[in-house]
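Being a predicted model, the structure only gives us computed values, none of them experimental.
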Amino acid sequence: MARVTFSLPAMSSHTSPAIELRGTSKAFRTPSGALHTAVRDLDLTVGHGEFVAVVGPTGCGKSTTLTLVSGLEEPTEGEVLVAGEPVRGIASNVGFVFQQDAVFPWRSVLSNVMAGPRFRGVPKPEAKERAREWLARVGLSSFEDRYPHQLSGGQRKRVALASTFVNDPEILLMDEPFSALDVQTRALMSDELLELWAGTGACVVFVTHDLEESIALADKVVVMTAGPATVKEVFEIDLPRPRKVESVRLEPRFVEIYREIWSSLGEEVRITRERGAVDA
């Protein structure tokens, strides 16, 4: 069934938070007909320009939170607001970077990055110019005529980032975008993300299973409870910016923050494991 798309108001006034979830719950009907609640009574606020990381046990509902903000799903109960307005469909000022590379395999790198602006009605010459600017920023200028299957995993992720940032999103939702990459490439992509995000004014909601990654990147880390998820605690990350992921992990304050958050997160991970052992 076709989805109707609505554009939300621009967020230039900044009179309301970028994102608000108020008492939000989401339930799904399982194939057996049972009702599964993914998130329950979720309250979360993200300010303009904030980088917020969301961590929690596997399967607790972190990704569902992103789909509610994006408009891909509607809440069963409660409200989801962007710039003070209820989310009604997929907004043009929201970018979504998925765990799997959302690129068109039949399009060249340049054509992939041009696709968003062209879809939004940008004339082809302007779309091409903007795409080339972002390809230069992610270090892929010499790869614009390649196809996704001719790229490494890190290069495809750079294409995905360029394809998102070229649309000037005011909200960037990221669902474990670097989880499939090797350790070294993942660190490089994290640094690249911080450089691309700096100065854009966009807010980021970044879902990850990697607590170290969340601390290295974010202004705040939100710990979710074992499913059905709700917000357990929010931790302010007082590490100075700009940051380099590998070097910031060596700082004593990073270790202190890690221990503090893990004391909260680890409890929820243990609850999830115990539930799995009982169900098995």
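- Between the Thr24 side chain and the Val80 main chain, no donor and acceptor come within less than 3.5 Å of each other.
- For Phe104, the ring-ring contact (aromatic ring centres under 6.0 Å, His included) partners at least two apart in sequence or on another chain are Trp106.
- For the atom pair Arg130 CZ and Met114 CE, the distance stands at 11.0 Å (nearest 0.5 Å).
- The stretch residues 69-97 participates, sequence neighbours left out, in these ring pair (Phe, Tyr, Trp, His ring centres under 6.0 Å) pairs: Phe96-Phe98.
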Could you pull out every donor-acceptor pair under 3.5 Å between side chains of residues 133-141 and any protein atom, sequence neighbours left out?
none

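- Residue pairs satisfying the ring pair (Phe, Tyr, Trp, His ring centres under 6.0 Å) criterion with at least one member in residues 243-271, sequence neighbours excluded, are absent.
- When all heavy atoms of Leu193 and Met174 are compared, the pair lying nearest together is CD2-SD, 3.7 Å.
- Pairs of residues two or more places apart, or lying in two chains, never qualify as salt bridge (Lys or Arg N to Asp or Glu O under 4.0 Å) while including a residue from residues 106-118.
- Asp175 and Ser63 share a side-chain donor-acceptor pair at under 3.5 Å.
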Should Val46 and Val222 be marked as a side-chain contact (heavy atoms from CB on, under 4.5 Å) after you check the CA-CA gap, both sets of side-chain angles, and the distance that decides it?
CA-CA 11 Å; Val46 180; Val222 176; over 6 Å; no
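- Two residues are said to be in side-chain contact when any heavy atoms from C-beta on lie closer than 4.5 Å; Leu42 and Met224 meet this criterion.
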Listed pairs under 3.5 Å, donor-acceptor, residues 194-211 side chains, sequence neighbours left out:
{"unit_1": "Glu195", "atom_1": "OE2", "unit_2": "Lys244", "atom_2": "NZ", "d": "3.1"}
{"unit_1": "Trp197", "atom_1": "NE1", "unit_2": "Ala202", "atom_2": "O", "d": "2.8"}
{"unit_1": "Thr200", "atom_1": "OG1", "unit_2": "Trp197", "atom_2": "O", "d": "2.8"}
{"unit_1": "Thr200", "atom_1": "OG1", "unit_2": "Ala202", "atom_2": "N", "d": "3.2"}
{"unit_1": "Thr208", "atom_1": "OG1", "unit_2": "Asp210", "atom_2": "N", "d": "2.9"}
{"unit_1": "Thr208", "atom_1": "OG1", "unit_2": "Glu213", "atom_2": "OE1", "d": "2.6"}
{"unit_1": "His209", "atom_1": "ND1", "unit_2": "Glu176", "atom_2": "OE1", "d": "2.8"}
{"unit_1": "His209", "atom_1": "ND1", "unit_2": "Glu176", "atom_2": "OE2", "d": "3.1"}
{"unit_1": "His209", "atom_1": "NE2", "unit_2": "Thr58", "atom_2": "OG1", "d": "3.3"}
{"unit_1": "Asp210", "atom_1": "OD1", "unit_2": "Glu212", "atom_2": "N", "d": "3.0"}
{"unit_1": "Asp210", "atom_1": "OD1", "unit_2": "Glu213", "atom_2": "N", "d": "3.0"}

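- In this structure, the separation between OG1 on Thr65 and CD on Glu73 is 11.5 Å, given to the nearest 0.5 Å.
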